[in-house]
There are 2 protein chains.
Amino acid sequence: MDYILPLQKLIEQFCKLKGVGARTATRYALSVLDMSEADAAALAESILDAKRNVRPCEVCGNLTDRPVCEICSDARRDKSIVCVVEDAKTVMAVERVREYHGLYHVLGGAISPADGIGPDQLRIGELLARIGEGDIKELILATNPDVAGEATAMYLARLVAPLGIRTTRLAYGVPVGASIEYADEVTLMRAIAGRREMENGFRTNEVET
Amino acid sequence: MDYILPLQKLIEQFCKLKGVGARTATRYALSVLDMSEADAAALAESILDAKRNVRPCEVCGNLTDRPVCEICSDARRDKSIVCVVEDAKTVMAVERVREYHGLYHVLGGAISPADGIGPDQLRIGELLARIGEGDIKELILATNPDVAGEATAMYLARLVAPLGIRTTRLAYGVPVGASIEYADEVTLMRAIAGRREMENGFRTNEVET
């Protein structure tokens, strides 16, 4: 495919975005050409701006444009409970629910020897330092429900066990709104194993204490 | 959804790309944050560069980074035949086939009174001027096979009829490689109406002269 050079270069750059192939990149490049001069400049500027100003929070590792993120600096947040996640995307997902009022800790990945990621590559030392400050009573280990995420949760649970901190894991089960017939076997097995009593006709889904 | 401001702004900008919704824009914004500083700068730069340097060819209206595009300035191209298309994307699609060696004329859209686009909004005057120069013997009207494209082809065919120039239209039919059972009724009707003799066991698909 021989496009004119500036277009070719733009297509290549768009290909670097996650999940964008040549076809989609071409559509985006042409859509940039269709934009107003101002919109194209705003897009370019906001890319530079985000890259320049967004960094990890010094405390929890979440994305922020200040030294300490909004969540960590919010006095109304419950400082006794910390949700441990792999990345900032998971923080956003949990925040979207608007039901969790504790803090977060972003590990920056999960333990995966195959990818050369051991505990030392993750922000685990920082987590232990936070625990050392004495406020934290519970860690919710919200790493992903895959092999690496499980291994990381297991590792962390063992690591903090001697410190007398409660560690919990998100419940496994069938996704709400989905049809049970489409659930995979492992999920269904976990959903059955994790079944709850119905109380007054309602399903309880809290962690047992 | 309250993301931090630079991220929120970047998401909004990505939403301006054709076919990008909030979810996809968020994925792209986060993928910009994962990029190296250099890659993010290159993406921003190539957006500005493309917008600054890509413009319509003075002759045919195709996208180019010079006053006259590569195709129009290529001496090996057959100047007696012009493929009339709605936009530069169609030029790229036809060029990809590597079978067409004539020139192009980009109209910049199709006649669509509902969208307020009449013949005056299209580069039809420019086309007549090119015809006036006397080299052109045939126009291939390759506007899209939809209502607006058909209307435009019809309009152009009538307009140039008195000038003694041959006008042709792309063949309609079932797409190669597709299953006939999935062809819509109009396409199938056109495919039957446009059926060709098999010669020596091969299907001929040239325009009758």
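As the structure is a prediction and not an experimental result, all values here were calculated from the model. Note on naming: letters A, B, ... go to the chains in the order of the sequence lines (proteins, then strands), and numbering restarts at 1 for each one.
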Can you tell if the side chain of [X] reaches within under 4.5 Å of the side chain of [Y], non-hydrogen atoms only?
{"X": "B/Tyr28", "Y": "A/Tyr28", "value": "yes"}
{"X": "A/Leu43", "Y": "B/Lys16", "value": "no"}
{"X": "B/Leu10", "Y": "A/Ile47", "value": "yes"}
{"X": "B/Asn53", "Y": "A/Leu5", "value": "no"}
{"X": "B/Leu7", "Y": "A/Met92", "value": "yes"}

Q) For the side chain to side chain contact (heavy atoms under 4.5 Å, CB included) test, which of B/Thr64, B/Leu48, B/Asp65 pairs with A/Pro6? A)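 The single option meeting the side chain to side chain contact (heavy atoms under 4.5 Å, CB included) with A/Pro6 is B/Asp65.
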
**Q.** Closest non-hydrogen atom pair, A/Ala42 against B/Gln13
**A.**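 It is CB-OE1, 3.5 Å.
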
(Q) Once rounded to the nearest 0.5 Å, what's the spacing between atom CE of B/Met35 and atom NZ of A/Lys51? (A)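 Reported to 0.5 Å precision, the distance equals 8.5 Å.
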
Q | Contact winner vs chain A - B/Arg66, B/Arg55, B/Lys18, heavy-atom pairs under 4.5 Å | A |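 Highest number of pairs under 4.5 Å: B/Lys18.
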
Q. For chain A, which of B/Arg52, B/Glu37, B/Glu12 has the most heavy-atom pairs under 4.5 Å?
A.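 Of the candidates given, the most pairs with chain A belong to B/Glu37.
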
Q) Where do A/Leu30 and B/Lys89 land on the side chain to side chain contact (heavy atoms under 4.5 Å, CB included) test, with the steps shown first? A) CA-CA 8 Å; A/Leu30 291 170; B/Lys89 270 170 276 195; 3.0 Å; yes

Q | Contact class of B/Leu17 relative to chain A, heavy atoms under 4.5 angstrom | A |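 Looking at B/Leu17, backbone and side chain both touch chain A.
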
Q: For each of A/Ser31, A/Cys69, A/Ala88, tally heavy-atom pairs with chain B at distances under 4.5 Å, and name the one with the top tally.
A: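 Top count of heavy-atom pairs under 4.5 Å with chain B: A/Ser31.
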
